[in-house]
Colleague: 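Just passing along the structure, written as structure tokens.
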2 protein chains.
Amino acid sequence: MIEYTDLSKPIYDRLKEMIINEELKPGEKIIQEKIAESLGVSRTPLMKALLTLENEYLVESIPRRGIFVRSRDQKEIIDVYFCREALEGMAARLLAEQKDYSIIGQLKDCFTPFVNKKEINPINYAKADERFHKSLIKLTGNAPLDKIYFFSSIHDKVIGHGLVRPPEETMEEHFKIINAIAMGNPEDAESYAREHIRKSRELLINQHK
Amino acid sequence: MIEYTDLSKPIYDRLKEMIINEELKPGEKIIQEKIAESLGVSRTPLMKALLTLENEYLVESIPRRGIFVRSRDQKEIIDVYFCREALEGMAARLLAEQKDYSIIGQLKDCFTPFVNKKEINPINYAKADERFHKSLIKLTGNAPLDKIYFFSSIHDKVIGHGLVRPPEETMEEHFKIINAIAMGNPEDAESYAREHIRKSRELLINQHK
DNA sequence: ATATTGTTTTTTGTATACAAAATGCAATAT
DNA sequence: ATATTGCATTTTGTATACAAAAAACAATAT
């Protein structure tokens with residue numbers, strides 16, 4: 001059990017929530033005293049939380065001017081997908097190379113609730129999707145990769161746009177990735193993982209033209 | 001001209017320097033009051049700098065225990081090279097795709113002082129190398145990529161490296177990457193960029209066996 | 001009306017104060 | 001000698017205070 005003897009962690013969580021559901025709107029200035037009071041803390045732990053959010057690019061500090069909620073444009077979202085393509089491709093490659101077949105179950109488990117179902121709940125599937133992609137990274141055991149993937153995916157999470165493509169389409173792709181890893185085929189694993197992200201990205205680009 | 005009306009920036013720079021040249025040794029606890037006094041500031045801006053360093057993984061905070069200089073093992077350094085391979089490969093691909101030939105000069109310029117030289121100053125070459133790899137990322141205009149590359153390369157910079165391989169060996173590889181970009185060939189650009197990083201990584205792995 | 005200047009209010013950046021927790025140390029028991 | 005306990009010291013986490021900068025506003029000039 002983890003205990004937090006540090007207020008900045010719950011404050012950080014709360015602020016992130018407020019940014020996600022637009023209680024704090026993009027471009028809005030964060031008036032520290034006001035927010036601190038409304039959260040029942042002083043500016044010190046609030047500042048700590050804000051600095052973490054700044055490092056995650058959710059918030060932007062302009063010295064002597066204030067801290068503002070960042071607004072993310074379409075280009076930035078697409079740029080993130082290029083990063084994800086590179087990183088998830090590498091992750092799939094590493095998993096296929098390490099030939100540790102005990103992980104295959106974990107990856108498959110993400111989607112077992114949905115196989116051969118005619119109706120798929122998109123909210124549950126979106127959660128499963130997130131778990132799958134996160135596992136793909138975590139299971140490599142590459143800590144820096146995990147760290148930087150977090151940075152690239154955080155934006156995406158905040159944008160929050162559930163699913164880019166329907167489950168029927170992506171499920172098959174997920175299993176192609178898993179199978180390539182299970183077969184110990186790094187080339188296929190990487191190229192399927194990249195294709196998967198690339199397709200979503202291309203859709204996003206076309207949607208916005 | 002950029003003015004800093006914020007002490008935490010110079011403090012951050014100084015702390016990073018202290019970590020790099022081991023004035024602060026790996027594993028060492030940072031006693032805030034002590035360091036703050038020696039730098040002539042209070043704990044407030046010091047804490048801000050330390051939090052940034054924590055987010056960059058140069059320092060590790062254990063709540064209620066203190067903040068410690070992180071020690072980086074060989075595995076972590078190698079793990080970073082996997083990230084760099086993925087990210088720089090993608091950057092080279094993007095540059096080749098965007099077919100903006102005005103950038104070619106900038107990339108070549110990094111190494112013009114060294115072509116056809118019999119004696120290459122390794123310190124200068126290391127600087128040029130860093131500039132080249134940073135430019136490769138920056139020129140894509142992909143801000144999230146730049147951000148996360150910074151996170152992956154920061155470790156590398158702190159380790160202090162010198163060069164993994166001799167200039168004679170890497171110079172040719174650099175020009176292969178540049179030429180593929182100049183030819184607008186994304187496949188080659190990516191694969192040469194990846195090969196370049198992979199070779200250094202493999203050397204590091206073998207050195208440590 | 002629009003600029004310009006001066007004044008007040010707000011807000012930031014930093015220092016400092018202080019309680020609670022962790023650490024170090026000495027005295028005692030084993 | 002090695003543990004164990006209690007006490008003093010150090011150090012952290014948080015709140016608060018305050019100067020300096022920025023923003024908001026009002027009064028005047030153009």
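Quick caveat, the model's predicted, so the values are computed rather than measured. Lettering follows sequence order; numbering is per chain, from 1.
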Colleague: Using whole Å, report how far CE of Met47(A) lies from C1' of dG13(C).
Modeller: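 Taking atom C1' of dG13(C) as the reference, CE of Met47(A) is at 8 Å.
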Colleague: How are the rings of His174(B) and Tyr125(B) set relative to one another: parallel (under 30°), tilted (30 to 60°) or perpendicular (over 60°)?
Modeller: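 If you compare the ring of His174(B) with that of Tyr125(B), the planes turn out tilted.
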Colleague: Among residues at least two apart in sequence or on other chains, which ones pass salt bridge (charged side-chain N to carboxylate O under 4.0 Å, His left out) with Lys48(B)?
Modeller: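 By the salt bridge (charged side-chain N to carboxylate O under 4.0 Å, His left out) rule, Lys48(B) matches Asp6(B).
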Colleague: Would you kindly give the CG-to-P distance between Asp6(B) and dA15(C), to the nearest whole Å?
Modeller: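 For the pair Asp6(B) CG and dA15(C) P, the rounded distance is 11 Å.
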Colleague: Any N/O pairs under 3.5 Å between the protein and nucleotides 8-12 of chain D? List them or say none.
Modeller:
unit_1: dT12(D); atom_1: OP1; unit_2: Ile30(B); atom_2: O; d: 3.3
unit_1: dT12(D); atom_1: O2; unit_2: Arg64(B); atom_2: NH1; d: 3.2

Colleague: Enumerate, atom names and distances included, each donor-acceptor pair closer than 3.5 Å involving a side-chain atom of residues 25-37 of chain B, sequence neighbours excluded.
Modeller:
unit_1: Glu28(B); atom_1: OE1; unit_2: Lys25(B); atom_2: N; d: 2.8
unit_1: Lys29(B); atom_1: NZ; unit_2: Arg65(B); atom_2: O; d: 2.8

Colleague: Partners of Arg131(A) by salt bridge (charged side-chain N to carboxylate O under 4.0 Å, His left out), sequence neighbours excluded?
Modeller: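 With neighbours one apart ignored, the set is empty.
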Colleague: According to salt bridge (charged side-chain N to carboxylate O under 4.0 Å, His left out), who are the partners of Asp13(B), at least two apart in sequence or on a separate chain?
Modeller: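 Lys9(B).
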Colleague: Quick one: Leu46(B) CG to dG13(C) C1', roughly how many Å, whole number?
Modeller: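 Value for this atom pair: 15 Å.
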Colleague: Could you tell me which residues satisfy salt bridge (charged side-chain N to carboxylate O under 4.0 Å, His left out) with Glu97(A), sequence neighbours excluded, listed by chain and number?
Modeller: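 Here the qualifying residues are Arg93(A).
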Colleague: Would one find a side-chain N or O of Ser42(B) under 4.0 angstrom from OP1 or OP2 of dA15(C)?
Modeller: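 The answer is yes; a side-chain N or O of Ser42(B) sits under 4.0 Å from OP1 or OP2.
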Colleague: Expressed in angstrom and rounded to an integer, what is the separation of Lys48(A) atom NZ from dG13(C) atom C1'?
Modeller: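 Distance check: Lys48(A) NZ to dG13(C) C1' gives 18 Å.
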